[in-house]
Amino acid sequence: MAPCSSYHWTYNSSSCCRTRRASWEVFGEPQVQIQIPISVLLPVSSVEAVNNTKSSLRKWSRSAESRKRKNYPLSLSLCNGSGSKTTDPNPIPIPIPPIPSPRRRWLMMSNSSTRKNISTSNHLRHVESMASLPSGAGKISHLNAVILGEALASEEDDLVFPSDDFSRQALVPSPDKYLEMYKRSIEDPAGFWSDIASEFYWKEKWAPDVYSENMDVRKGNIKIEWFKGGITNICYNCLDRNIEAGSGSKIAIYWEGNEPGCDSSLTYSQLRDKVCQLANYLLKIGVEKGDSVIIYLPMLMELPIAMLACARIGAVHSVVFAGFSSESLAQRIVDCKPKLVITCNAVRRGSKVIQLKDIVDAALRESNNYGISVDVCLVYENTSAMKREETKWQKGRDVWWQDVIPTYPTTCAVRWVDAEDPLFLLYTSGSTGKPKGVLHTTGGYMVYTATTFKYAFDYKSSDIYWCTADCGWITGHSYVTYGPMLNGATVIIYEGAPNYPNAGRCWDIVDKYKVTIFYTAPTLYVTHYSRKSLRILGSVGEPINPSAWRWFFNVVGDSRCPISDTWWQTETGGFMITPLPGAWPQKPGSATFPFFGVQPVIVDEKGVEIEGECSGYLCVKGSWPGAFRTLYGDHERYETTYFKAFPGYYFSGDGCSRDKDGYHWLTGRVDDVINVSGHRIGTAEIESALVSHSQCAEAAVVGVEHEVKGQGIYAFVTLVEGVPYSEDVRKSLILAVRNQIGAFAAPEKIHWAPGLPKTRSGKIMRRILRKIASKQLDELGDTSTLADPAVVDQLIALGDC
Ligand code: 6R9
């Protein structure tokens, strides 16, 4: 494929998606909002960044002010079901974590005296704070970061309005239009979704029942079906349908290699040719409908090609993020017993070469020990990282992609499948060690990802779309591959690291391809690049705090681009709560309102729906087409984890507040709550208090066992650049928490943390922090997905300081 000589992968590109805001979770681990800032791996001229921001801000405030005078209808009274309170007479006893206390929106907003008096030069706060660490634990290079303080944007007006020009051209141009569509989607889901589904190709139409569901464990097994009996194929709908509609010569994928100048592209027709060649090979080696295929590839074009090839023949793909260790890969192989594994020989991350094939070999050996043998390992030769002669090879099992795939025909008949036939498995970690195989089926997922993509990004056929996620995560499934391609969009896939070879790389790419929709976590670089092409920004993976939101809006989007802060999960398949960018004013930090067909409800610990302004557990009433249907091989775990806590609802595991205007504010995972001497306190609140301290760049709080209090508060803290890690700072941090929350919340221990263990998808691995805090160092578990595993040793070394 890529005709360039140095075709290699240096880093998981998801690191710039869902990469940090200040501290997040991984895999079912808690997430919290802390008000400090987003860390921006700052490139160049910070002064320029600040100047840009200030002028953008002035423009933005003026336009917001003028629109405010128009009396925009703010209180969208959304349908929250019947409105009746539902109490379960016979609740199923399963432990429910304590409810998080109402979200502090945020300390900085409610308490202006705690707000820092930020001068221009204070806006940028370095996180690289190793200078005066109490013990030399080595330097962490990736922390060359800068933080933008919250005073960058004005808080005088908390509403941000889409411009008239934007709204005029938007698919959903007003709150009224949204309400009309939303109302129909709730009152007549069958009609609403079947109208949309009819825009796709179905070999046979679904049975008269558009959907059937049981979301209530008290009434029997949980079952969700959409478009059952409908016969279709998602690969056909992504490729053939668009080609037949005349888009064959439209670019489907721009691939940007790690090395600047190394790029490639495929039109929709070329992509279909490649998909068909691989699909023919899969058929030849005996892969049949329903068989699973593990894909362990970095962000090469071969990754979506492999996903689409499986879909074309009805095989079930399971993409394993290529940063996972051999143990994690083996666990997944043993669970889903694939017919083959697709990988490449090696990848380059920075100057480091990672021998992926060695990892696969080890995983296959390990799976053999569990009696699972895989007959074929298809290996893409990634010449820039490793030559084929140097690759270890198992004759009879291993096959070079380049030797066989191009020899197959470029047409391949589609295998038609039922809408409820499985499309893919994606493993996500749960509270126990065993990963959960989240299973999505074909028809509902297809309709839902396509529709959410279209509306949340206000998609136009002229858009150039870049989602920085890796296909190893759900975002890469729904919003790199399926959602955009179902809409015939042009998608960018970037192989490399966001800061390679320099911090302006992402904006280079935005400018090079004239990206119009940019979907990421807001951890990017402020540079001199124009970014003029951008019209919509998207954010995912973690709650975005208001100051981060403002920075993203003012600086990255030049106060011109609405932000779609999309709340969703691997399990939900697609966006659940998200702005529709032209429809309503946004509140920085809020994911706003539900997508069509989604009925979010907030319940208390008894499972009683709470109305109006409130805070509680975020559940969903009724099914939506993109919902996962089961956990592979463990339907009971599916029911227990998601449906038993609050019978009658899908329980997301997240906490959420709803304000008086109906806006939703995600507060992170609800298990992220500490109980100190009977006081429940969300780690988010303590972190918020810590980062409000002018010298604190980042904080992550966990609970540890405490003889007297039950749980004690243990805080990992990163200081801003140049601030010495000293007893005085420690005391003043504790004081900050005492002052802002109360003495009971004062951390028992402040653990200096020049870096925090984060995955490349940007979430903090609190599991590891808990083990470090409780000194269970032999139980750290798998640290292979960390962006920088060296952080762990460093934290351990600093444990007694
Ligand atoms: C898409 C994805 C899901 C968890 C979810 C929530 C958090 C995702 C968010 C968000 C606040 C957002 N989350 N998007 N929290 N605002 N816009 O990330 O899937 O990896 O399964 O994580 O991520 O806590 O429960 P997944």
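Each ligand, and each atom within it, is numbered from 1 in the order the structure gives. Reckoned from all heavy atoms, side chains included, excluding hydrogens, waters and symmetry mates. Note that the coordinates shown come from a computational prediction; the quantities given were computed from them, not determined experimentally.
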* **Ligand-residue contact atoms, ligand 1 with T566, heavy atoms, under 4.0 Å** => 9 (C), 12 (C), 14 (N), 17 (N)
* **ligand 1 to D654 polar contact by distance, N or O atoms, under 3.5 Å** => yes
* Give, for atom SG of C467 and atom CD1 of I517, the distance between the pair rounded to the nearest 0.5 Å. => 11.0 Å
* **Chi angles and distances behind the side-chain contact (heavy atoms from CB on, under 4.5 Å) call for L439, F628** => CA-CA 6 Å; L439 185 123; F628 68 140; 5.9 Å; no
* ring-ring contact (aromatic ring centres under 6.0 Å, His included), paired with F575, selected from F593, Y519, Y455 -> Y519
* Partner residues of E213 under the side chain to side chain contact (heavy atoms under 4.5 Å, CB included) criterion, sequence neighbours left out -> Y211, M215, S623
* Which atoms from ligand 1 have a heavy atom of V540 less than 4.0 Å away? -> 1 (C)
* Structure fact -> So the atoms of ligand 1 within less than 4.0 Å of a heavy atom of I474 turn out to be 1 (C), 19 (O)
* Quick one: does W473 get within less than 4.0 Å of ligand 1, heavy atoms only? -> no
* Which of the ligand 1 atoms, numbered from 1, are nearer than 4.0 Å to a heavy atom of L666 -> 11 (C)
* **Residues in side chain to side chain contact (heavy atoms under 4.5 Å, CB included) contact with C561, at least two apart in sequence or another chain** => L534, L537
* **Subset of ligand 1 atoms that lie under 4.0 Å from at least one heavy atom of Q569** => 3 (C), 5 (C), 19 (O), 21 (O), 25 (O)
* Check: P422 main-chain N/O paired with T441 side-chain donor or acceptor under 3.5 Å -> no
* To do: Please confirm whether T428 comes under 4.0 Å of ligand 1, counting heavy atoms of the residue only.
  => no
* ligand 1 versus T570: contacting region, heavy-atom distance under 4.0 Å -> both
* Indicate yes or no: does K587 engage D659 in a salt bridge with an N to O separation below 4.0 Å. => yes
* To do: Give yes if a backbone or side-chain nitrogen or oxygen of D565 is under 3.5 Å from a nitrogen or oxygen of ligand 1, and no if not.
  => yes
